[in-house]
Amino acid sequence: MASAMPQVLSFLGQASLPELAIVTAIAGLLIAVLLNMRRGNKYDLDKVPGPWRKALPLVGNVLDCLRPDFHRVLLKWADEYGGIYRMKFLWHDTLIVTDPQALAVIMGRGEGAIDKAAIAYAPINRMCDPHGNANLLTSAANDSWKAVRKAVAVSFSIQHIKKKFPLVLGRVNQLVGRIAAQGPAASIDVDQAALRVTLDVIGLAGFGHDYDCVSQDVPAYDHLIRVLPRCFTEVMLRIANPLRPLFPTMFKYGPKGSAAFGAFQREMAKLLDNLQVGWWAGVVGWGGGLGWWAGGVGWPVDWWRWAGVVGWVVGWGWWAGGGGLGVARGPPAEDDTDIGSQLVRVMNTHPELSRDRILSEIGILFVEGFETTGHTTSWTLFNIASVPGVQAKIAEELDCLGLLAKPGCPPPRELEWEDLKQLPYLTACAKEAMRMLPVVSVMGREPTKVTRVGPYTIPAGTIVGTPLFAIQNTIHNWDKPELFNPERWLDVPIETYVYNSRDAAAATGDMAAAASSSKRGITFMPFSEGPRNCVGQSLAKMEVMTLLVKLCANFTIELTPEMGGREGVRSRESTHLTLQSAGTHGIRCHLLPRARA
Ligand code: HEM
């Protein structure tokens with residue numbers, strides 16, 4: 001050892017900066033592993049069953065998780081080891097929890113509730129903001145999170161979402177028109193189609209910006225719809241490999257991933273600039289007006305008068321024009337509670353929230369608002385198209401409400417807001433699709449103190465994974481989970497999205513009582529549960545249902561032969577930050593107009 005020391009010192013003396021950084025990073029990792037090994041034994045971690053016994057040093061079980069269908073790996077282990085098992089995510093001890101009772105405690109308020117795992121979410125911060133500021137999704141539940149959550153919750157009140165219904169309906173009708181124009185032989189990727197609507201909606205309804213995506217045949221290379229998948233790939237790679245963000249050029253596609261982050265951030269910064277310019281233009285305008293007046297009452301400095309004139313004209317032009325020069329939106333009106341306006345408000349009242357933090361918030365609201373809703377719609381359409389008998393039942397329900405297009409009949413009446421609550425079967429299809437294919441397939445928490453999870457006491461810093469895909473598909477929580485069976489939901493109240501299928505009440509058939517008892521156990525929560533549940537779910541439910549109603553009312557839907565049937569599509573499931581169909585195939589369907597049948 002002693003004889004090796006001089007060689008080591010001489011290497012360090014001659015090493016380049018990147019080499020030194022790599023050596024330091026590896027040494028840091030080794031120290032972390034050693035500390036971690038010492039800590040694990042102090043608590044109940046060694047009593048927890050799981051694949052951790054097969055874990056490799058340093059990388060743990062992560063190699064099993066590098067597969068695009070790793071949500072299925074977590075499910076396989078849940079079926080094998082039960083409701084609480086232990087694995088090693090790199091060198092971090094991780095409990096994976098699918099047990100209904102333990103989940104209710106982890107997700108809920110009060111004693112035992114566990115906050116977000118900052119470490120697992122950190123790469124998402126870098127995607128949204130160059131300085132890595134946290135945001136609603138990734139932050140711990142601190143004062144900044146509370147302020148932002150309270151502000152944007154207003155944008156998702158039912159009252160506000162109802163106002164956005166005509167906008168959503170307009171974009172969906174535009175999509176229906178475009179699909180009809182392509183004819184029944186066209187092979188339509190319903191995933192891309194839904195994403196185009198949801199991207200337009202979040203841009204317009206949230207930030208007053210029209211990405212005009214539904215109308216485009218092929219979006220430009222730098223269009224958000226193409227940039228975001230590249231960002232997601234980079235986030236996934238960074239979660240699995242913490243060295244990647246430190247040395248992007250050393251890893252495959254590293255620079256491309258960083259470039260995609262940059263492109264996304266520039267787009268989000270434009271939204272923020274649009275929101276802010278109006279305020280600044282107003283300030284300039286008022287300042288300018290004041291200058292003019294001061295010049296007029298006899299101040300001797302002539303340049304000040306002329307600066308005032310210019311400022312006044314430009315400022316008012318911008319502000320009053322509400323979009324003059326194509327950039328300004330003006331300060332939010334009192335009744336304007338769109339997401340962007342709420343973010344400007346919270347930024348003005350909370351000086352501790354920096355511009356970068358707000359940029360991060362815009363990024364996450366944008367991503368969550370569009371990807372999740374788009375894929376949920378397409379997964380539902382996939383099931384509707386591929387499970388025999390389902391479309392006929394949906395058609396019957398739509399026909400009863402006068403919403404179904406039929407050959408030789410006048411066009412059906414237009415969908416109204418109130419209709420969305422009158423569709424129990426279609427809602428059941430959406431819920432069953434969200435159970436089988438939850439787009440947020442894995443979530444992570446991390447206790448800041450010694451905590452009990454089920455029967456086990458675990459140390460602070462243990463990651464606690466709550467994998468929705470496994471929770472909602474394990475044989476321990478659901479009967480015949482592999483079957484798409486909307487009928488399971490018909491007796492559950494239509495508004496219930498947190499549910500315990502293992503409750504005694506459910507077993508006796510009292511589904512309403514079972515739905516309200518989710519505090520004691522959870523086997524279904526596609527929008528999560530408790531204080532960290534999905535803040536945007538009201539918008540999501542409205543968009544998904546509007547898309548489903550209009551597409552099912554106007555078309556019968558068939559998977560194209562190239563999809564390889566149900567199995568073919570499911571074999572391409574991929575957790576790419578969100579659960580989606582991998583590659584460029586998407587979910588291709590023929591949409592046959594019902595009116596022409
Ligand atoms: C069907 C569509 C959607 C699904 C299934 C969904 C699901 C979820 C889930 C499971 C979480 C918790 C994630 C975690 O803890 O890691 C979440 C959080 C969140 N969602 Fe959604 N979401 C959807 C649509 C939306 C929309 C439309 C928006 C906003 C425009 C949105 C904004 C958010 C935000 C900001 C959070 C973080 C909330 C917090 O921690 O305070 N989501 N969503």
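Quick caveat: nothing in here was measured; it's all calculated off a predicted structure. Indexing begins at 1, ligand by ligand and atom by atom, following the structure's order.
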- Would you call Glu432-Arg488 a salt bridge at under 4.0 Å N-O? yes
- Pick one: which of Asn133, Asn135, Asn125 meets side chain to side chain donor-acceptor pair (under 3.5 Å) with Ser360? Asn135
- Message: Assess whether a salt bridge exists between Asp273 and Arg266, defined as any Lys/Arg side-chain N lying under 4.0 Å from an Asp/Glu carboxylate O.
- Response: no
- Item | By ring pair (Phe, Tyr, Trp, His ring centres under 6.0 Å) - contacts of His71 (at least two apart) | Phe469
- Item | Ring-face cation contact, Tyr497 with Lys431, 6.0 Å cut, 45° max | yes
- Decide, yes or no, whether a salt bridge links Glu234 with Arg126 under the criterion of side-chain N to carboxylate O below 4.0 Å. no
- Return the protein residues near ligand 1 (heavy atom under 4.0 Å from any of its atoms), ordered by chain and residue number. Lys116, Tyr121, Leu136, Leu137, Trp145, Arg149, Phe156, Ile202, Leu365, Glu368, Gly369, Thr372, Thr373, Thr376, Val439, Val440, Met443, Leu468, Pro526, Phe527, Ser528, Arg532, Asn533, Cys534, Val535, Gly536, Ala540
